[in-house]
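Have a look at the structure below, then the notes.
Naming: A, B, ... by sequence-line order, numbering from 1 per chain. Both backbone and side-chain heavy atoms feed into the values below; hydrogens, waters and symmetry mates do not.
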Amino acid sequence: MNLRAIKRNIPFVATASVCLLLFLFASLRYKGFLKLPYLLGFISDDAYLGIAAIGLTFVILTGGIDLSVGGVIGLTSISLALLVEKHHMNPMYAIPLVLVGGVLFGTLMGCLIHFYLLPPFLVTLAGMFLVRGLAFVFNQESIQLTDQMLGGHSASHSLIVFNSTIKIPLANTSIPGTTLIYFVIFLIALVVAQFTKFGRNVYALGGNEHSAALMGLPVARTKIGVYVISSLCSTLAGIVHLLYNVKGDPTSGTGLELDAIAAVVIGGTLLSGGVGYIAGTIIGVLILSIIQAIINFEGSLNSWWTRIAIGMLLLLFILLQKLIQAKKFKTAGTFQKT
Amino acid sequence: MNSAFNSPTWHKLKWPLAALMLVLLYNYFYTPGFFQIEMKAGRLFGSLIDVLNRAAPVMIISLGMTLVIATGGVDLSVGAVMAISGAIAALLIAKGFALPLVLMISLGVAIVAGVWNGLLIGYFKVPPIVATLILMVSGRGVAQLLTGGNHIPFKHAGFEFIGRGYLAAIPFAAVLTLLLFITFVIISKRTAAGLFIEATGDNEVASRYAGVQTRVVQFAVYAACSLCAGIAGLIATANLAEADPSAAGIGLELDAILAVVIGGTALQGGRYFLAGSLMGAILLQTLTTTILTRGVPTQWTQVVKALVIIIVCLLQSEVFRRSFQRKPATA
């Protein structure tokens with residue numbers, strides 16, 4: 001491996017080491033941490049965060065940002081629950097309906113950002129308020145899915161039993177269906193980012209938009225595309241949240257945008273765009289889950305510490321990125337991108 | 001600049017003013033008693049006074065936010081800073097500290113929060129959105145930690161005056177806003193600070209080469225913005241006579257940004273306009289009050305505001321404007 005490749009991988013290696021260290025620390029300090037059901041438990045708990053963070057990785061790779069991910073999760077969760085539980089719509093139609101909604105929302109934001117040159121943070125911040133507001137307009141309280149029979153069948157039945165029917169047994173426990181969805185999305189995203197034309201365009205756009213345009217790459221399609229992917233992923237995350245908790249909630253995903261950004265940045269993706277890996281984001285999510293688990297195990301620590309800890313860890317990794325970038329500018333004159 | 005209608009001030013002020021007039025006109029016809037102002041026990045009462053009183057926190061924050069946006073940055077942490085300053089003030093009042101000390105400590109902490117933002121953005125070159133997002137989320141965590149997540153009620157006539165009191169028949173919060181506005185205008189127009197802020201926003205690198213201490217400018221604007229947020233936090237807390245760390249200032253960052261953008265300050269930085277931001281904040285509050293008095297559920301206000309900000313930004317976007325003009329004859 002040449003020197004440049006090593007340098008490019010410093011953030012990723014740092015992330016992997018931090019994850020390993022935290023894992024070792026937790027497994028040595030707490031009894032019961034190293035049990036398979038527990039480990040699977042916290043991966044499954046954060047599956048929806050992981051899915052949203054995967055989508056966000058694409059946006060950040062282009063140098064943009066999406067603050068609406070949490071809001072989209074809330075809106076998806078409540079509208080799907082409302083459609084199925086209150087309007088007795090078949091989930092076979094309701095799920096595609098919310099997915100289409102997510103895609104349209106992403107397209108709208110992408111178009112505003114690309115064609116009208118509006119700052120991504122502003123458009124997605126307004127988007128966040130829009131979807132969160134809509135979620136509360138639809139229903140102010142959470143809706144529990146019930147196995148209520150109506151005309152011989154229950155519309156929400158298939159949603160409620162999803163995790164208990166679709167699962168992979170493993171030792172004395174099992175991997176729930178929602179976690180499998182997470183793995184599948186991860187694999188698809190990995191392939192899209194590393195082995196497709198679109199993926200290469202995303203990296204090129206993040207490296208230097210002007211050069212990408214001069215090279216004749218489809219800037220418009222790629223830029224709008226990443227916001228569509230992010231919205232689609234958050235919608236899927238909202239669906240997973242509903243399936244996992246069997247409850248639609250307009251407040252779900254509140255403040256999740258920071259967690260998702262933190263996972264992406266901790267995972268080694270540069271905020272300036274062009275450098276990063278989908279796999280890094282997964283490790284970033286894992287680090288956040290382990291921190292949460294440690295705070296739970298400590299018992300004496302308040303849950304508000306989680307927010308503060310995530311903020312501080314994010315800060316640490318951003319400063320690390322700055323350090324690496326500063327060195328890169330001094331040593332190599334040119335930027336080498338993936 | 002000879003007549004008042006040719007001055008740049010008027011030119012920038014006319015759109016928010018026109019929108020405000022439109023909303024007021026609507027209220028004139030459809031909301032009975034909207035323009036009634038009564039004098040009760042030496043205090044003015046009425047919907048318009050209420051609008052001024054309620055708009056005070058957003059107006060004050062929008063002053064600081066204007067300066068931050070003028071340097072090309074943004075501050076998402078204002079809501080969290082409001083929560084922190086309110087929580088600290090309530091805790092100290094409950095412990096029986098003297099009022100001047102309470103004000104000094106809570107506003108001092110707000111300034112520290114701003115210096116923290118300025119440090120990350122000015123020295124470590126962290127993108128403003130992310131730097132302030134960190135404080136937005138962990139700051140609220142800090143506020144909740146301080147109060148143990150509880151509401152902190154208190155009774156203190158002197159402190160409650162900040163949010164509920166009247167000075168010469170006018171709500172004290174509105175008077176405070178006016179005083180802050182005058183201070184900000186004097187600093188921008190009578191000292192070189194305004195020039196430095198605009199230069200930093202226009203081209204940071206060029207300004208630095210020209211001898212402007214851009215880092216100091218960034219420090220100062222983020223500190224000023226946090227101070228404004230701290231004052232707004234005190235007003236909100238005093239008005240409720242309790243600190244509510246999980247609800248104080250939620251969503252206010254969008255309101256403040258919206259007020260600044262409506263007021264004609266460009267998000268790219270480089271030019272700013274304090275009077276416009278105040279006008280924007282008043283417009284927003286009038287809109288909210290109108291929505292509420294029309295009996296529309298509260299949840300809708302967020303949706304309406306989000307749509308308004310997108311429309312205003314589109315109107316400001318060069319590309320959007322050009323798409324409505326005919327193709328120019330010359331290139």
Considering all heavy atoms of both residues, which atom of Ala126(A) and which atom of Ala306(B) are nearest to each other, and what is their separation?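 Distance-wise, the nearest heavy atoms are O-CB, 3.3 Å.
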Closest heavy-atom pair, Leu122(A) versus Ile257(B), reported as atoms and distance to 0.1 Å, is CD1-CG2, 3.7 Å
So which residue, Leu307(B), Leu258(B), Leu254(B), ends up with the most heavy-atom pairs under 4.5 Å with chain A? Leu254(B)
Interface residue of largest heavy-atom contact number with chain A, from Val142(B), Val304(B), Leu145(B), Val74(B), under 4.5 Å: Leu145(B)
From Phe121(A) CZ over to Leu133(B) CG, what is the distance, rounded to the nearest 0.5 angstrom? 11.0 Å
For Tyr48(A), what residues pass the ring pair (Phe, Tyr, Trp, His ring centres under 6.0 Å) criterion, not counting sequence neighbours?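 Tyr48(A) satisfies ring pair (Phe, Tyr, Trp, His ring centres under 6.0 Å) with His241(A) only.
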Is Leu319(A) close to chain B through its backbone or its side chain, or both, or neither, when contacts mean heavy atoms under 4.5 Å?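 Looking at Leu319(A), just its side chain touches chain B.
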Chain B contact via Leu271(A) - side chain, backbone, both or neither, heavy atoms under 4.5 Å: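 The side chain, not the backbone.
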Are the side chains of Leu112(A) and Leu314(B) in touch, meaning some heavy atoms are under 4.5 Å apart?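 Result yes, sub-4.5 Å side-chain heavy-atom pair found.
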So do Leu120(B) and Ile318(A) actually touch side chain to side chain, heavy atoms under 4.5 Å?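 Not touching, per the 4.5 Å side-chain cut-off.
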Relative to chain A, which segment of [X] carries a heavy atom at a distance below 4.5 Å: side chain, backbone, both, or neither?
X         : value
Leu135(B) : neither
Val308(B) : neither
Val130(B) : side chain
Ile129(B) : side chain

Name all pairs fulfilling the salt bridge (Lys or Arg N to Asp or Glu O under 4.0 Å) condition that reach into residues 108-131 of chain A, sequence neighbours left out, sorted by first residue then second. none
Determine which residues belonging to residues 309-317 of chain A lie within contact range of chain B, meaning some heavy atom pair is under 4.5 Å apart, and list them by number or answer 'none'. Gly311(A), Met312(A), Leu314(A), Leu315(A)
Just by distance, which donor-acceptor pairs between chain A and chain B come in under 3.5 Å?
unit_1, atom_1, unit_2, atom_2, d
Tyr116(A), O, Ser317(B), OG, 3.2
Gly133(A), N, Gln302(B), OE1, 3.4
Gln140(A), OE1, Gln299(B), NE2, 3.4
Trp304(A), NE1, Gln144(B), OE1, 3.2
Lys322(A), NZ, Lys125(B), O, 3.0

